[in-house]
Amino acid sequence: MSAEAAVDSPAARPDSGPIVELSGLSVGYQQRGRTTLAVEDVNLTIAPGETVAVVGESGSGKTTTANAILGLLPSSGVITAGRIRIAGTDVTGASDRVLRAFRGNVVGLVPQDPMVGLNPTMRIGGQIAEVVRRRGVDKRLVNAEVIEALERAGVDQPVVRARQYPGALSGGLRQRVLIAIAIAGHPRLIVADEPTSALDVTVQRRILDHLGGLVAETGTSLLIITHDLGVAADRADRVVVMQRGRIVEQGEPAAILLRPQEPYTRHLIAAAPALSHAGGVVPCFTDVTPAPEVLRLDGIGKDFRLPRTASGERTFRALDDVSLSVRAGQTLGLVGESGSGKTTALRIAMGLEKPTQGRVHLDGVDITDAGWSELRPLRRRFQLVHQNPYSSLDPRFTVAQTIAEPLVSFRVGDRASRAARVRELLDQVALPAAFADRKPAELSGGQRQRVAIARSLALEPELVFLDEPVSALDVSVQEQILTLLLRLQQDLGVGYLFISHDLAVVAQLAHHVAVLRAGRIIESGPAADILTAPVEEHTRELLGAVPGQRFAAELAASAPPGTKR
Amino acid sequence: MPDKILSPKPDLVAPPEQRAAVARATSSAPAAPPVVTPAGVALPVHATAPAGLAVPAGLAVPADLAVPVGAAAPPPGEAGAGGQVRRRRHDILAAARPLLRRPGFVLAALFVVFVIVSGLVPSLFTSYKPSATVPTDKLKGPSMSHLFGTDELGRDLFSRVLHGSTLTIKATGGAVLIAIVAGLAIGVVAGFFGGWVDGVLMRIIDILLALPMLLMALVIVTALGFGLLPIAIAVGVTITPAFARTTRAEVLRVKEQPYVEAARTGGASWGRVLVRHVLPNSWGPVSVLAVLDFGTAVLTISSLSFLGFGTPPPAAEWGTLISNGRNFLITSPWLSLLPGLFVGLVVFSLNHIARTLEEMQR
Amino acid sequence: MPRYLAGRVAQALLVLWAAYTVTFIILNVLPSDPITLQLSAGGADVSQLTAAQVHELKAHYGLDDPIVVQYFHHLWGALHLDFGMSLTQNVSVGSLITDKLPSTITLTAVAVVFMLVFGLAIAFLATYVQWRPARTLLARLPAVGVSLPQFFVGLLLIQVFSFSLTWLPATGTHGWKTLVLPAITLALPGAAMLAQLLTRSLNDTWREPYIVTARAKGLSRWTIQVRHALRNASLPALTLLGVLVGYTVVNAVVVETVFSRNGIGQLAQQAVLGQDVPVVQAIVLIAAGLFVVVNLIVDLLYSLLDPRVARAARAA
């Protein structure tokens, strides 16, 4: 931890002391007269020019800590103990009027989700001008400063963009606009709350690099809030690990990652794919035994009709000549960024959507034109696990009802045998039998995903489609689910078509990998080849965007061999 | 895993991150021994439950049963069919519990129950005959013997209001029944089948919605004549479009849920999906609207009878009573104002119940 | 944009035609014996008439034609603002309406302004004021306004302001003093509904992430409420504004009856009481026309306020 710089008098020379000083901070949320602590006894200082990353999973209190610094706690949030000093001034429990003076000009914020972080009914320029004006800039100069902020945030055509509404901009551009808003106030500290987790990995990397550059250039401090230890290690001078409202461990990235003192930190490191392999994405299966083909997509094309515009009817080619094959008992990882067409490919493979061209074969049977009732007997052999376990379970069904539903639909067995099968499946996905009577609301995300997996296995399918099954889950839970999927494949010999945007996740599971970009397969083959010797630039970019590698590379260069975990 | 139990308890106002934390606390390593209770999730039974408020005897359950979730595993020997039944009852009780904790809701519900009972059996609450005239007691102000005073013929106003309830309840019930049956049918068909059926039905609904409710009711009353039945039909028809709309929107929303797709890919037929998934999950907002519609129907029916389109005298619907009282507004304002306040209270209670139910569903 | 506008106008005319047709069907096809209904409305006791007299009366009112012919006849007339003769009063429907329209238009216009002002003010304050008791009171107030029957509110206002305080007249049609109480009564339920809608919408908007962005800029609550929250929150309320205005206008039937004001509302009440079909039909058409125009204005306002809609409109 950096020196406990004491500030004698707030007014004296605030520039010399730390920008943020939290001492023994506890924050709770009040409801019905009870206060539940979200943050407990947190000590944290951020010196000028320093980049600090707070790492933690959901519920660790990292966002509450950030909100407390900005004075943006919700009305139910109260500081129950400790002090907050901003630029030498004690602002603990200060009124909104006092706190407002610090926001924007001393502490800026880059919020989490760029898609909803901008006012949809106000022009970009106007939203930045609000911050510029708060610095007391002369009216005539505001516009120029707005354009400059956009330019510095890396927005192309800043003059045009300033006149546009957020709806016309992509997610990456909106995130850059939010960065422009943060820097336009010339703050001394920027708080970046999971600034890019809603974006594609490659965009994420570019934006984080840009933000890092800006901060270094101007000597601004940066507080990164993230769930990803890799992101933290790559970019921070100091890493703070939080768990359940408390700081578990903090220090320089190298110290934290190489000599983690706490079991929780070690657990997080193990769960971050790139970190646990000392950098680089390492495929799980290096030699793949040949296996019979279960599913084949042959030259699939899919056109979507776009809403009619002035130029008449247009179509959008979501998939173009996509061919894939999934082998029995093995995993095909289909990787692509949002909009690459991976979900469309999965829906076509499942018969939920009809391709415009090409054929779909299941076990050698052409199912391209099969209707739902023709497909129904085949459904027993291929099942689906959705991305979001919070919406894929009927809230009114108990776990047992959910898992048994495919059995009921196909009239398999009687009440007793179904109950037995449910117990067996619960056991297979490592959930206690007592969970059978619970409803989804009583389960955590990871538990729900286990239930969804159990449901997909109820009919003993040959092939399970996994649509980003872990992307909605916390890192450590992700790890457990992936391990479970691997084990189930070994035990039951089920094949997977695994869809993901994250190559690091795919590497843990896939025998074969196909990379999809803008509706086309740009590269496919055994996982070992694609992940270690990619041919295409885009694949390399995807690989390079996996967080944690920069740190690992630095480490490999400086540290003697053998210090790898 | 004692440390898990010490984790912060969630509450409804805490940010999602906070709530997820506790939910997650129960997940952790799969190899860990079975988690007995998701400690954080179980909302402790509040000592602040409205102990003084009358709770129907059937609902007075042991505290541990009323804990909404995470009541550990059911005791051995209760699995199977018996467990299912228990589970369902447990659910209802668990759902009723937070409602009973709201004094406003309990008061509103009690008042509505009072109005319904007194409307069905007025003699329970008043000994006066609604048509018994006592010329010597005419235009008496409210007192202990005449709660709402007496009218120009010396009839007890409270008794007349309660007997008016009978008519209003019949008309309201009929109107809402029409709306529920027709609205549900149209909404479910349109939302579930989609395509051109949906297109045609929704265009018709749009046009009906384009006419303000009272106007539509006036047109129907003109065509059908006056009295209880025409009014009930008129009001029922006018609240049907909004009901159909909401039902359709709900059915569409649920139909798009991933769990419906999961059921479909699990081999479930559309019939099963409709009965087991779509209908149960759309019912919430639709039922809230149904309660709201009771209030709307009461208001519209009393407006129509105030305008003179209701049951002919001597039977007097609430609106008719208020209309009659207008002639004596200067000397005996209670003749109009007390029945009017009564109607307002009924509607307010119904709206309050609907709003509470809606908040609970959020 | 002109194409968008033309489309909206065509849609509005279609709704108007459909509203006319639906009411025509209800009024002329639904009753088991529409002819007797309409003849007895004209003051004739059908049972006392000979077949020839009935026939003569039918011919007089144009009731002996097939229903389809009658429909097109009336539709053609309505297109020329000719709504035929009243059955209960020996004058044309047109003259009855032109007689009473001005006072009703004044009343409803004032009421709609009151509705907008009250509704906006309550919602604005309920989400801006930070003193908890005031906030709770302002948020709960509309629930009362929505529940009270309008005739009760009218009678209460008369009792208090006319009879007890004698500030304002209880009845009458002339002079601004006679306008105040009816306009307030007429505006109240609509204002309460608008306040409920807007309060909820403003509360939802204050929870949006872009408000956090705005707060992080260091803007004051006032600036955020006025510049960021209000505009976004008014969009959902705006879609229902047409319904609220229609609601307010149609309730003139009740309010004009309570305050004995000579206007379209009272005319409607008497027409329904006398089952005067042509008058009812004409009033429905006027109300529907007004509703359609208001909705057209709302649509245009919407595309001005919401850049997303504006873009779609420009593209069309």
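Quantities reported herein were computed from a predicted structural model and do not represent experimental measurements. Protein chains get the first letters and strands the later ones, always in sequence-line order, with residue 1 at the start of each.
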What part of [X] gets closer than 4.5 Å to chain B, counting heavy atoms only: side chain, backbone, both or neither?
{"X": "C:Ile158", "value": "side chain"}
{"X": "C:Val280", "value": "side chain"}
{"X": "C:Val249", "value": "neither"}
{"X": "C:Val253", "value": "both"}
{"X": "C:Val284", "value": "both"}
{"X": "C:Gln270", "value": "neither"}
{"X": "C:Val292", "value": "neither"}

Taking all non-hydrogen atoms of both residues, which atom of [X] and which atom of [Y] are closest, and how far apart?
{"X": "B:Gly344", "Y": "C:Leu148", "answer": "CA-CD2, 4.0 Å"}
{"X": "B:Phe226", "Y": "C:Leu273", "answer": "CZ-O, 3.4 Å"}
{"X": "B:Val343", "Y": "C:Pro149", "answer": "CG1-CG, 3.6 Å"}
{"X": "C:Ser260", "Y": "B:Arg326", "answer": "OG-NH2, 3.9 Å"}
{"X": "C:Ala287", "Y": "B:Leu215", "answer": "CB-CD2, 3.5 Å"}

[X] versus chain C, heavy atoms under 4.5 Å apart: side chain, backbone, both or neither?
{"X": "B:Arg355", "result": "side chain"}
{"X": "B:Leu208", "result": "side chain"}
{"X": "B:Phe348", "result": "both"}

Taking everything shown except C:Arg140 itself, do over 12 heavy atoms lie less than 6.0 Å from its CZ?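 Counting neighbours around CZ of C:Arg140, 12 or fewer heavy atoms of other residues, nucleotides or ligands fall under 6.0 Å, so no.
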Roughly how far, to the nearest 0.5 Å, is the [atom2] atom of [Y] from the [atom1] atom of [X]?
{"X": "B:Leu299", "Y": "C:Phe152", "atom1": "CG", "atom2": "CZ", "answer": "12.0 Å"}
{"X": "C:Leu14", "Y": "B:Arg203", "atom1": "CG", "atom2": "CZ", "answer": "10.0 Å"}
{"X": "C:Ile26", "Y": "B:Met216", "atom1": "CD1", "atom2": "CE", "answer": "3.5 Å"}
{"X": "C:Leu155", "Y": "B:Leu335", "atom1": "CG", "atom2": "CG", "answer": "11.5 Å"}
{"X": "B:Phe306", "Y": "C:Gln269", "atom1": "CZ", "atom2": "CD", "answer": "8.5 Å"}
{"X": "B:Ser323", "Y": "C:Phe151", "atom1": "OG", "atom2": "CZ", "answer": "9.0 Å"}

Heavy-atom pairs under 4.5 Å with chain C - which of [options] has more of them than the others?
{"options": "B:Ser302, B:Pro339, B:Gly340", "value": "B:Gly340"}
{"options": "B:Leu337, B:Asn351, B:Thr296, B:Leu214", "value": "B:Leu337"}
{"options": "B:Leu345, B:Thr300, B:Val347", "value": "B:Val347"}

Please assess B:Val219 against C:Val22 for the test side chain to side chain contact (heavy atoms under 4.5 Å, CB included), listing each intermediate value before the final yes or no. CA-CA 10 Å; B:Val219 171; C:Val22 168; over 6 Å; no
Let's test your reading of the structure: which of C:Val243, C:Val15, C:Val146, C:Val144 forms the most heavy-atom pairs below 4.5 Å with chain B?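 Winner by heavy-atom pair count: C:Val144.
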